[in-house]
Protein chains: 2
Amino acid sequence: MKTLLQPLLRKLETTFALSNDELAALHALPIKVGEFAKGEQLVGEGDRPIHSFAIQSGLTCMYKNSSTGRRQILIFHFPGDFPDLQSLHINVLDMSIAAMARTKVTFVKHQDIRMMYARYPRLGEALWRMSLVDAAILRERMLNLGQRKAFERISHFFCEMVVRSKLAELMVDDTVPMPLTQQEIGDALGLSNVHVNRITQELKEKKLMEVRRGRLHVLNWKQLRAAADFDATYLHLTPAQKLLLDR
Amino acid sequence: MKTLLQPLLRKLETTFALSNDELAALHALPIKVGEFAKGEQLVGEGDRPIHSFAIQSGLTCMYKNSSTGRRQILIFHFPGDFPDLQSLHINVLDMSIAAMARTKVTFVKHQDIRMMYARYPRLGEALWRMSLVDAAILRERMLNLGQRKAFERISHFFCEMVVRSKLAELMVDDTVPMPLTQQEIGDALGLSNVHVNRITQELKEKKLMEVRRGRLHVLNWKQLRAAADFDATYLHLTPAQKLLLDR
DNA sequence: CGATCACTTGAATAGTCTCAAAGCCCGTGG
DNA sequence: CCACGGGCTTTGAGACTATTCAAGTGATCG
């Protein structure tokens with residue numbers, strides 16, 4: 001039971017130390033577990049959810065469709081993230097969330113979250129802060145989308161995936177999980193799958209990184225970052241997390 | 001004094017009725033007035049502000065620069081908006097905000113905002129909600145940026161400007177203020193000024209809209225919306241506001 | 001009235017997309 | 001263990017969208 005919110009608790013504790021009471025309140029939250037296969041939708045545009053959910057394992061994406069059937073993936077969420085916080089305060093969803101790999105989540109009723117932070121306001125602020133960091137990620141991705149050429153754009157995307165995977169403790173030997181198809185990466189970057197393919201090959205030729213058997217292998221982190229114009233400020237890491245990254 | 005927060009109060013009251021106590025708390029906020037000329041920066045990347053500010057009149061933009069000196073405008077803010085709420089909970093700014101026209105703002109110390117919503121939690125939720133709606137706007141703009149061709153992209157942009165201007169009570173006779181240069185519109189849409197120019201002419205030829213003497217004239221709202229694939233859901237309007245739009 | 005800034009126009013070029021076909025990988029069932 | 005099938009990746013060619021550069025026009029302001 002206790003372990004179900006583990007990734008979320010770890011994430012919360014990186015920004016501030018939780019008191020025993022606050023920890024107890026979090027553990028006391030009634031939760032429900034859900035498991036989703038790759039491609040399954042968790043919530044959709046137009047829904048009025050009464051739950052939010054934290055990711056326990058796996059990967060989800062938030063996306064929107066244009067009326068012409070094109071899909072823009074807005075942001076990915078890792079274990080410890082709380083993708084759908086906005087539905088706490090906005091009734092109708094304007095986007096959808098789907099699993100990009102086998103994913104386990106823990107559902108928490110809005111009502112229970114509200115009661116929790118009415119009692120412990122700092123927890124409310126922590127959640128608010130999480131939603132603000134998500135917005136910061138959206139902003140950086142918007143800069144990426146609007147101003148960078150495909151090569152830097154894709155490099156930047158992979159940099160973000162590497163860093164956020166590392167923060168979620170998913171990095172092993174300079175590799176992180178990469179369950180996405182090139183089509184999906186294209187949907188996230190506003191590029192065609194064909195173009196993603198070509199640039200990805202270029203990254204491999206230049207020995208910056210490569211994708212093999214569902215994992216992204218970082219071959220030259222320094223150069224990859226440089227190629228991407230990647231500066232992690234927008235992720236709003238703690239000093240400890242920043243240190244972790246350089247290793 | 002009372003009138004300085006007027007546009008903000010009006011906006012807050014559209015989402016829920018404020019009690020007398022809450023209103024009093026808002027009016028009791030110590031504020032400081034600021035005025036900025038077009039082009040002036042209000043806050044910048046790397047700053048650690050101790051204030052946030054509400055817009056009283058004018059127009060601001062939030063933007064980020066890439067290391068190659070290109071600028072992406074992320075979102076514009078109108079009277080009643082609270083552009084820099086994120087600095088309440090995230091110390092270091094990852095973006096900048098500048099005035100896009102002569103703009104008056106009212107500064108409020110973070111400390112005072114925190115004290116206010118500690119006492120009146122609903123006001124905190126209202127602010128939280130405002131930051132979530134901003135995130136929703138970012139998401140729609142991201143769909144625009146990533147998936148739509150220049151023609152729809154620009155149409156969509158103008159639709160958003162028209163609707164949000166109308167909500168801020170700036171619409172007069174099917175026109176809204178348009179202080180932006182084509183270069184600035186390009187920075188917001190990831191397009192060159194030249195291309196913006198060409199498409200804008202096309203919109204004019206097709207009699208959908210035109211820009212004259214600092215104002216955007218809507219010539220055919222229905223067709224403009226259709227061309228833009230514009231659906232205002234993402235703005236999370238109240239029923240009353242939706243009604244307003246159709247007139 | 002001159003200077004400045006924004007808008008307009010044209011031509012050449014660069015970047016990315018679409019379409020279509022072929023190759024590869026992996027899981028499945030025989 | 002092998003053959004098969006489906007989905008993903010790879011490759012090539014041609015078309016299209018948007019960019020850049022550069023020059024010219026128009027409007028506004030002191």
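These numbers come from the heavy atoms of this one structure, side chains and all, not from hydrogens, waters or symmetry mates. Every chain is numbered from 1, with letters handed out A, B, ... down the list of sequences.
- Among the heavy atoms of the strands lying under 4.0 Å from Ser192(B) is at least one base atom, whether or not backbone atoms are also near.
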* To do: Apply side chain to side chain contact (heavy atoms under 4.5 Å, CB included) to Lys207(A) and Asn220(A), showing your working.
  => CA-CA 7 Å; Lys207(A) 304 222 188 310; Asn220(A) 188 334; 5.9 Å; no
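- Between dC5(C) and Gln183(B), no contact under 4.0 Å exists linking OP1 or OP2 to a side-chain N or O.
- Distances were taken from every side-chain heavy atom of Arg213(A) (C-beta onward) to each of dA20(C), dG10(C), dC26(C); the shortest belongs to dC26(C).
- Scanning atom types as modelled, one donor and one acceptor separated by under 3.5 angstrom connect the side chain of Arg198(A) and the base of dG12(D).
- Using a cutoff of 4.0 Å between basic side-chain nitrogens and carboxylate oxygens, Lys64(B) and Glu45(B) are not scored as salt-bridged.
- When the side-chain nitrogen and oxygen atoms of Gln182(A) are compared with OP1 and OP2 of dT10(D), one or more of them lie within a distance under 4.0 Å.
- Note that the two end axes of the helix from dC1(C)-dG30(D) to dG30(C)-dC1(D) enclose an angle of 40°, each drawn from 5 base pairs, rounded to 10 degrees.
- The side chain of Gln201(B) lies closest to dT9(C) when the candidates are dC8(D), dT9(C), dT18(C).
- For Asn197(B), counting side-chain heavy atoms from C-beta on, the closest listed nucleotide (dT17(D), dT9(C), dG12(D)) is dT9(C).
- Gly190(B) comes within 4.0 angstrom of the backbone, heavy atoms only, and of no base.
- A salt bridge is defined here as a Lys NZ or Arg NE, NH1 or NH2 lying under 4.0 Å from an Asp or Glu carboxylate O, and Glu202(B) with Lys206(B) meets this definition.
- In this structure, Arg70(A) reaches the sugar-phosphate backbone alone: every heavy-atom distance under 4.0 Å involves primed, P, OP1 or OP2 atoms, never a base.
- Taking CG of Leu244(A) as the start and CG of Leu167(A) as the end, the distance is 6.5 Å to the nearest 0.5 Å.
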